[in-house]
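One structure is given below, encoded as structure tokens.
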Amino acid sequence: MRERSGVGVVCGLLALLGALLTGCQSPSGGVAEDGRLGEQTTGGTGEAVTVSPAPTRPSGYGAVFLAVGECSSFGTTSFTEVPCTGERAAARVSARHDGTVRDGPRCPSTTDFVLHISEQRPASDEDGDGAVPQGYACMRNLQPPHPGDPGGGGGPRTIVGDCVYGSGDGQVRETACDGTGRREPQYKVVRAVAERADCPSPTALYVRLGGKRPVGCARPL
């Protein structure tokens, strides 16, 4: 009772002195916790990462978890939505789509990695838990290296300027053009065309790129 009376006296004095303060206000009620994704199951540099959301709360940084322009932290077991200006921010969402990568739009060509977000729809919302639909976020690192850049040796897409090596059974995989990857580059994609016949004469390998120009013309290194 003494504390409440003291607050009333202070407010009254302030009002009589010309309303130096507009009123006595209480602090804000709290800060919502970050949305958090669950255990990482697959991935590596330049590869897509599949994660399943653990019980989450709205992040407070947007209505959609990891919406375009928002940032995530890096972790060994989880990815958390964080403010892009914070020291924990590591990658920014360049595109965000519902559904699966196979059925949805393609990520931008210089995407460094993809976060596959599993659907979460809690039965109740008493604790502030938010529903997260199945989707995927195309991520771009805030700082180098950028494996999704041409010749970077990774990323979810193979683009012009990337280097590849034969992995057997007629398959090729990306590797860094500067030789810093685990495998030495054998071919470099120099052009993207609609059909194989459009490739230049020195082409030694055709790489599937997808999109409107699905054929990559690669020359030996």
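Proximity of a side-chain donor or acceptor of E174 to a complementary backbone N or O of G154 within less than 3.5 Å is detected. The main-chain N or O of C138 is found under 3.5 Å from a side-chain atom of S94 such that the two form a donor-acceptor pair. With R92 contributing its side chain and E70 its backbone, the two residues share no donor-acceptor pair below 3.5 Å. No donor-acceptor distance shorter than 3.5 angstrom exists from the side chain of Q134 to the backbone of G99, with no hydrogens or angles considered.
The line from CG of L209 to CD1 of I159 is 9.5 Å long, rounded to the nearest 0.5 Å. Taking CG of D198 as the reference point, atom CZ of R213 lies at 9.0 Å (rounded to 0.5 Å). Between the OG1 atom in T111 and the CZ atom in R157 there is a gap of 7.5 Å [rounded to 0.5 Å]. From R173, atom CZ reaches atom OG1 of T158 across 10.5 Å, with rounding to the nearest 0.5 Å. Rounded to the nearest 0.5 Å, atoms CG (D98) and CG (D103) are 12.0 Å apart.
Applying the side chain to side chain donor-acceptor pair (under 3.5 Å) rule to pairs touching residues 181-196 yields nothing, sequence neighbours excluded. Applying the disulfide (SG to SG under 2.5 Å) rule to pairs touching residues 141-176 yields C163-C177, sequence neighbours excluded.
Listed by chain and number, the residues in a side-chain contact (heavy atoms from CB on, under 4.5 Å) with V160 are V189, A192 (sequence neighbours excluded).
At a threshold of 4.5 Å between non-hydrogen side-chain atoms, the residues T203 and V190 do not count as touching. V215 is listed as a side-chain neighbour of C199, based on a closest heavy-atom distance under 4.5 Å. Side chains of M139 and V114 form no contact here, defined as non-hydrogen atoms less than 4.5 Å apart.
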* Asked: Would I117 and F65 satisfy side-chain contact (heavy atoms from CB on, under 4.5 Å), going step by step from the backbone distance to the final call?
  -> CA-CA 10 Å; I117 303 170; F65 178 64; 4.3 Å; yes
* Worked verdict on T80 versus S72 for side-chain contact (heavy atoms from CB on, under 4.5 Å) -> CA-CA 5 Å; T80 304; S72 73; over 6 Å; no
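Residues V207 and A218 come closest through the heavy atom pair CG2-CB, 4.2 Å. In terms of heavy-atom proximity, V82 sits nearest to A89 at CG2-CA, 3.7 Å. The shortest non-hydrogen separation linking N141 to P147 is ND2-CD, 3.8 Å. The minimum heavy-atom distance linking P108 with A95 is given by the pair CD-CB, 3.9 Å. The minimum heavy-atom distance linking A137 with V93 is given by the pair CB-CG1, 4.2 Å. Among all heavy-atom pairs drawn from G181 and T175, the shortest one is CA-OG1, 3.9 Å.
Note on Y206 and V193: same hydrophobic cluster, where clusters join Ile, Leu, Val, Met, Phe, Trp and Tyr whose side-chain heavy atoms are under 4.5 Å apart, directly or indirectly.
Using a cutoff of 4.0 Å between basic side-chain nitrogens and carboxylate oxygens, R140 and D149 are scored as salt-bridged.
A side-chain N or O of D112 and one of H146 form a donor-acceptor pair less than 3.5 Å apart.
No option in H97, R96, R102 other than H97 meets the side-chain contact (heavy atoms from CB on, under 4.5 Å) test with Y136.
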